[in-house]
Novice: 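Before I ask anything, let me first share the structure, which is written out below as structure tokens.
Both counts, for ligands and for their atoms, begin at 1 and track the order of listing. Worth saying up front: this structure is predicted, and the values here are computed from it rather than measured. Positions are given from 1, in the same order as the sequence printed here.
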Amino acid sequence: MLKVYAREVSGFRSLGKILASIFVAFCFATQSLTAATASIFHPPLDPARPRSSYIAQAKRGMVVAAHPLASAAGEAMLKAGGLAVDAAVATSFALAVVRPQSTGIGGGGFLLYHQASDKSTRAYDFRERAPALATRDMFLDTKGNPTSFRYNGIDIPDSAVNGHLAVAVPGLVRGLVELHTKYGKLPLAQVLAPAIKIAESGFPVYPALAKLLLQRESVLKHFPGTFKIFFRRSKPLQTGDLLVQKDLAWTLRQIAAKGTAGFYDGAVANLIVTEMKRGKGLVTANDLASYAMREREPLTGAHRGHRIISMPPPSSGGAVILEILNILEASGANQEQKLTYGSTGAVHWLTEAMRRAFADRSIFLGDPEFTKVPLKGLISAEYAASLRASINPLKATPSSEVKGGDPEKFEHPSTTHLSVIDSQGNAVSSTQTVNYYFGSGVVAEGTGVLLNDEMDDFAKKSGTANVFGLVGSDANAIKAGKTPLSSMSPTLVFDHNGKLRLVLGSPGGPRIITATLQTIINVLDHQMSLADAVHAYRIHQQWLPDKLEMEPDGLTPNVVKELKAMGHNVVEHVGMGDVEAIEVTESGLIGVSDTRSDGKPMGF
Ligand code: DON
């Protein structure tokens, strides 16, 4: 089988590769589907961006995060003798300052911790939860239609995404501080110091941040606490402007001095509750004080002789990734016919597996404390076999014909992921978010804290899409105290000897799942280097809407033609996640940041 692999990411796709792909497309144009072309390409790189900004090698420790200042914060902890969790917590708080569009201490997240000494892996859930006053139909009017958010006499569209009602009880601070107490070694004040410094003295606004501020201007401008920080002379900050967050620095100092009490009780909590009252939001002092992190049983599966450990419900990520890998594992397609990356057959099988697993996501998945999730069935080999049998190798199944099985028998991504390994081999994989860009858009005045809009991750009305086009069912309906279903998929991959091989994850709403999945498949099935695996073009299918998304130029014209002929609704989509990953190799650690975004791996 002819393979044209771009072995290294070194610049723009060369003319040679273009000619090679045309040649391959020509060669296979008249052959069978499964023999179609295979070329590894990746979205064009910024020629001004040095290679060291997205690939790093190290011996003792590595931090990969979506902003250089955040990676540097974590690396400084490792160099000071800190452990993986010290680095992860420092990086998380720094990300909360430099990526307000993605994450923040008004948000939440998931974290996998692998402890080298006893080879254990634990999963932690510090995601936002619905306030005690939340009700099932809180975002619907009397006719069952979505409501807008009325603030200061102005109607802002979509109350589940914008404004005070969209805010769920934040969990990030509880999670990070408690995990630091459990597994960290350095003092909390030292771990918070880089974030406090960046918030206090400011950092230059970068193009992606400026672009998203402009995109969200029409919402952000209505909230005085937000306006004060992110606007200058009535305009959103622009590239190169200094973003200074004095109030956020003050809040971070409360946390450095008092731990979780610095956020969930006292002055900061009071200011958050005051803000909630100002906009008729539901989060109360009691919601904040009673917020608890939860330890969950990580989800484990296997693929190509490797063990995959990922996040269980209330994330859908682990279950959907394992379900897809199970469908593909024994798919005659990949195994026997050795389908190559980017070929019609490989894309078809991957798409059909995604379609079925995302249908199950919509129907069965929700907070396990409130919904019986048939998890064992969903990730069982037998169930995967039954789904595999329903895939026509030559034809797309319309999503309208995929109803969920019977397991009992944009753009720049918001959200952010970080991966860390320390010199002892401990590892952290954590994905954190405020949900949509800049969350609810509301800063609790006086705190600098942008509050999340995680309530939109609930199914507000059965069958109605959320901001990411995902539909859900009763399993993910709103209830007081319930956690909205997530796609965040912090993941670890171990080799057949049980040795940690990969630490990875991504932002990107539902594309979190498929970006993480395809990176794993690229390494394990297509034997790519980690850099190729992360940078390679991706596809996405999420059941509904019934679309096979590909990055522009992501598939050769011939493959697109064949997929369309099979019934796939192929469309272009820009914005397929932002993977931050580490590989443990014989010769050391390799850190890779996705060139789709602004990350940087740093190690020593
Ligand atoms: O938890 C989730 O699945 C979403 N709140 C993640 C949102 C996200 O990744 C936004 N990025 N584009």
Novice: Geometry only, no angles: is Gly509 polar-contacting ligand 1 at N/O separations under 3.5 Å?
Specialist: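 Gly509 vs ligand 1: N/O contact under 3.5 Å present.
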Novice: Going by heavy-atom distance to atom 3 (O) of ligand 1, choose the closest among Gly508, Ser102, Pro484, Ser487.
Specialist: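 Looking at heavy atoms only, Ser487 sits closest to atom 3 (O) of ligand 1.
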Novice: Please identify which atoms of ligand 1 are closer than 4.0 Å to at least one heavy atom of Asn435.
Specialist: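 The atoms of ligand 1 under 4.0 Å from a heavy atom of Asn435 are 4 (C), 5 (N), 7 (C), 10 (C).
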Novice: Tell me whether Lys547 at atom NZ has more than 12 heavy atoms from other residues, nucleotides or ligands lying less than 6.0 Å away.
Specialist: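 Not buried by this count: 12 neighbours or fewer within 6.0 Å.
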Novice: Lys600: which residues meet the side-chain hydrogen bond (donor to acceptor under 3.5 Å, both in side chains) condition with it, sequence neighbours left out?
Specialist: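 Lys600 satisfies side-chain hydrogen bond (donor to acceptor under 3.5 Å, both in side chains) with no residue once adjacent residues are dropped.
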Novice: Identify, by atom number and element, the atoms of ligand 1 in contact range of Arg127, meaning under 4.0 Å from any of its heavy atoms.
Specialist: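 Listed by number with element, the hits are 1 (O).
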Novice: Exactly one of Asp457, Asp456, Thr464 should register a side-chain hydrogen bond (donor to acceptor under 3.5 Å, both in side chains) with Lys460. Which one does?
Specialist: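 That would be Asp456.
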Novice: May I ask you to check if ligand 1 and Glu454 share an N or O to N or O distance below 3.5 Å?
Specialist: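 By distance alone, the answer is yes.
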Novice: For ligand 1, which atoms, with element, lie under 4.0 Å from some heavy atom of Ile512?
Specialist: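 With Ile512 as reference, the close atoms of ligand 1 come out as 9 (O).
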Novice: Within a distance under 4.0 Å of any heavy atom of Thr415, pick out the atoms of ligand 1 and give their elements.
Specialist: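 Those of ligand 1 that fall under 4.0 Å from Thr415 are 6 (C), 7 (C), 8 (C), 9 (O), 10 (C), 11 (N).
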Novice: For the pair Phe223 and Tyr151, name the ring-plane relationship: parallel under 30°, tilted 30 to 60°, perpendicular over 60°.
Specialist: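 Ring orientation of Phe223 relative to Tyr151: tilted.
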Novice: List every atom of ligand 1 that sits less than 4.0 Å from any heavy atom of Phe468, numbering the atoms from 1 in the order shown and giving each element.
Specialist: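 Numbered from 1, ligand 1 contributes 7 (C), 8 (C), 10 (C), 12 (N).
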Novice: So among Leu378, Leu375, Thr371, which one has a side-chain contact (heavy atoms from CB on, under 4.5 Å) with Phe364?
Specialist: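 Of all the options given, the one that passes is Leu378.
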Novice: Look at atom 11 (N) of ligand 1 and find which of Pro510, Ser486, Ser489, Ser414 reaches it with the closest heavy atom.
Specialist: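 Closest candidate by heavy-atom distance is Ser414.
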Novice: With salt bridge (Lys or Arg N to Asp or Glu O under 4.0 Å) as the test, pick out the partner of Asp125 among Arg122, Arg129, Arg127.
Specialist: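 That would be Arg129; it is the only one of Arg122, Arg129, Arg127 passing the salt bridge (Lys or Arg N to Asp or Glu O under 4.0 Å) with Asp125.
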Novice: Using side-chain contact (heavy atoms from CB on, under 4.5 Å) as the criterion, point out the one residue from Glu275, Glu454, Met276, Met455 that pairs with Val167.
Specialist: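 So the option named by the test is Met276.
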